[in-house]
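Below is one structure, written out as structure tokens; comments come after it.
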Amino acid sequence: EKGGFEHFMLKEIFEQPSVMRDVMRGRVSVEHNALHLGGIQDHLDTLRGAKRMVILACGTSWHAGLIGKYLIEEFARICVEVDYASEFRYRNPIVGPGDVVIVISQSGETADTLAALRIAKERGATVMGICNVVGSTIARETHFGMYTHAGPEIGVASTKAFTAQVVALFMIAVQLRMGNPEMSGVETSVLLQELLAVPDKAEQILRLNDDILSIAESYWDAEHVLYLGRGYNFPVALEGALKLKEISYIHAEGYPAAEMKHGPIALIDEDVPVVFIAIRDHSYRKVLSNIEEVRSRKGRVIAIATEGDREIGRIAEHVIYIPEAAAALMPLLTVIPLQLLAYHIATLRGCNVDRPRNLAKSVTVE
Ligand code: M6R
């Protein structure tokens with residue numbers, strides 16, 4: 001049942017290229033510069049006409065939601081807020097007709113997300129779901145939605161469900177752009193082409209598994225780890241930190257890299273490793289100077305960098321090189337080494353990665 005893998009989590013990490021292909025299957029046509037998103041096709045006018053969107057979720061699904069905000073704002077130019085379902089539900093939230101609420105949940109059974117969706121619906125918002133489990137409560141109670149088709153996820157730490165959610169959000173954002181007469185149609189076909197190229201690139205990254213294991217061997221006894229990234233990779237930093245704390249019980253924090261100097265830099269010394277997502281995008285130079293600041297405080301740096309980057313190897317202690325892709329698709333790639341790093345560190349510490357202490361696969365109580 002684990003398909004030759006030692007744990008479900010590892011199996012699910014390795015399934016990601018094929019899961020991404022499944023999410024896209026039958027939905028993406030580069031030739032016609034078109035997307036066929038069955039579940040939302042009849043609601044595109046409502047989505048495009050939204051005053052604003054509010055994404056509600058918990059945990060890893062909330063991280064996918066943050067990436068969704070960046071995607072929808074960039075491609076569809078619709079204002080998006082992201083909130084924890086547990087905060088939204090108890091806040092007497094401002095939400096109503098004209099708002100589109102997107103709830104994201106792998107299990108479709110998370111109590112807080114379900115309660116938040118009910119409040120949004122009661123107050124007259126249109127509620128759309130992005131769920132993995134077919135027929136789940138959240139999927140049934142939303143007005144319409146999209147399934148991620150990642151297949152059953154057994155490991156408590158979410159991996160393939162996350163990448164499937166991000167692919168779904170990417171497709172939704174591009175679909176909304178396509179209908180906007182003020183935006184060019186040419187570029188969307190490039191985006192679709194780039195999207196189709198991601199699964200092969202993910203496969204390439206999975207081949208680095210042994211290298212990542214050997215990096216993990218130098219860090220398994222850390223007590224605290226910091227994860228930093230910017231833009232699309234800021235939520236990935238949060239997700240990398242969450243994976244590590246869930247399964248290895250090491251204290252980890254994710255931050256936008258530029259926030260480092262507003263506090264977290266005080267933590268840096270030779271005992272606090274810092275994982276930087278430092279791919280070549282418009283903020284690369286700035287992240288590089290953050291790395292230098294960490295190095296000058298004797299901090300140890302693991303960098304996720306773009307293939308062919310000759311500079312970074314000179315300042316980071318360890319570098320994991322990943323293939324180039326459009327910035328908006330990078331989270332689908334940068335998250336993979338972070339999942340593997342957390343996995344290996346946890347197994348080296350003898351932790352039960354599939355069933356970490358105190359956690360349940362779906363949180364159906366508050
Ligand atoms: O099933 P959901 O996506 O609604 O679950 C939300 C969170 O409970 C979940 O993502 C949790 O944070 C995972 N253990 C993360 O790995």
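Just so it is clear, the values below take in all heavy atoms, side chains as well, and ignore hydrogens, waters and symmetry mates.
Glu194 contributes a side-chain N or O that, together with a main-chain N or O of Ala326, makes up a donor-acceptor pair within less than 3.5 Å. The closest donor-acceptor contact from the side chain of Glu317 to the backbone of Arg300 lies at 3.5 Å or more, if one exists at all. Of the possible donor and acceptor atoms, one in the side chain of Asp354 sits under 3.5 Å from a partner among the backbone N and O of Phe8. Not one N or O on the side chain of Thr113 forms a donor-acceptor pair closer than 3.5 Å with the backbone of Ala57. Panel note: side chain Arg285, backbone Ser289; no donor-acceptor pair is recorded below 3.5 Å. Formation of a donor-acceptor pair under 3.5 Å by the Thr110 side chain with backbone atoms of Asp112 is not found in this model. Proximity of a side-chain donor or acceptor of Asn33 to a complementary backbone N or O of Ser189 within less than 3.5 Å is detected. Here the side chain of Asp309 pairs a donor or acceptor atom with the backbone of Ile312 at under 3.5 angstrom. Side-chain N or O atoms of Asn132 include one that pairs as donor or acceptor with a backbone N or O of Gly151 at under 3.5 Å. Checked by atom type and distance alone, the side chain of Gln204 never pairs as donor or acceptor with a backbone atom of Ile322 at under 3.5 Å.
Ion pairing between Glu141 and Arg118 holds under the 4.0 Å rule for side-chain N and carboxylate O. Look at Glu259 and Arg230 and you find no salt bridge, because none of the NZ, NE, NH1 or NH2 atoms lies under 4.0 Å from a carboxylate O. Between Arg297 and Asp269 no salt bridge is recorded (no basic side-chain N to carboxylate O distance below 4.0 Å). Checked for salt-bridge contact, Glu311 and Arg280 meet the test: a charged N lies under 4.0 Å from a carboxylate O. Ion pairing between a basic and an acidic side chain is recognised when a charged N comes within 4.0 Å of a carboxylate O; Glu87 and Arg91 show no such pairing. Of the charged side-chain nitrogens involved, at least one lies within less than 4.0 Å of a carboxylate oxygen, so that Lys361 and Glu153 count as a salt-bridged pair. For the pair Glu1 and Lys11, the salt-bridge criterion is not met [side-chain N within less than 4.0 Å of a carboxylate O]. Between Lys243 and Glu239 there is a salt bridge, with a side-chain nitrogen of the basic residue lying less than 4.0 Å from a carboxylate oxygen of the acidic one.
Using a 4.5 Å cut-off between side-chain heavy atoms of Ile, Leu, Val, Met, Phe, Trp and Tyr, with links allowed through other members, Leu196 and Phe75 fall into the same hydrophobic cluster. Under the 4.5 Å side-chain heavy-atom criterion for grouping Ile, Leu, Val, Met, Phe, Trp and Tyr, Ile78 is not connected to Val103 through any hydrophobic cluster. The cluster map of Ile, Leu, Val, Met, Phe, Trp and Tyr, joined by side-chain heavy atoms under 4.5 Å apart, puts Phe162 and Val275 in the same cluster. Under the 4.5 Å side-chain contact rule for hydrophobic residues, Ile336 and Val319 do not share a cluster. Val301 and Val272 fall into different hydrophobic clusters, where Ile, Leu, Val, Met, Phe, Trp and Tyr are joined by side-chain heavy atoms under 4.5 Å apart, directly or via other members.
At least one side-chain heavy atom of Ile72 sits less than 4.5 Å from a side-chain heavy atom of Met53. With contacts defined as side-chain heavy-atom distances shorter than 4.5 Å, the pair Leu191/Phe170 qualifies.
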*Could you walk me through whether Ser61 and Gln106 pass the side-chain hydrogen bond (donor to acceptor under 3.5 Å, both in side chains) test, one step at a time?*
CA-CA 7 Å; Ser61 297; Gln106 186 286 128; over 6 Å; no

*Evaluation steps, side-chain hydrogen bond (donor to acceptor under 3.5 Å, both in side chains), between Glu109 and Ser136*: CA-CA 6 Å; Glu109 302 296 343; Ser136 54; 4.7 Å; no

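Here ring pair (Phe, Tyr, Trp, His ring centres under 6.0 Å) pairs that include residues 320-341, with residues two or more places apart or in two chains, number zero.
Using a 3.5 Å distance cut-off with no hydrogens or angles, the side chains of His43 and Gln41 do not pair a donor with an acceptor. Side-chain contact check for Thr159 and Gln339: no donor-acceptor pair (N or O, by modelled atom type) lies under 3.5 Å.
A ring-centre distance under 6.0 Å is found for Phe14 and Phe5. Here the two rings, on His262 and Tyr255, have centers that are 6.0 Å apart or farther.
To the nearest 0.5 Å, the span separating CG on Leu333 from CD1 on Ile277 amounts to 11.5 Å.
The two atoms that bring Val82 and Gly65 nearest to each other are CG2-O, 3.7 Å, heavy atoms only.
Both cation-pi conditions hold for Arg357 and Tyr249: the charged atom is under 6.0 angstrom from the six-membered ring centre and inside a 45 degree cone around its axis.
Listed by chain and residue number, nothing satisfies the ring-ring contact (aromatic ring centres under 6.0 Å, His included) test with Phe234 (two or more places apart in sequence, or in another chain).
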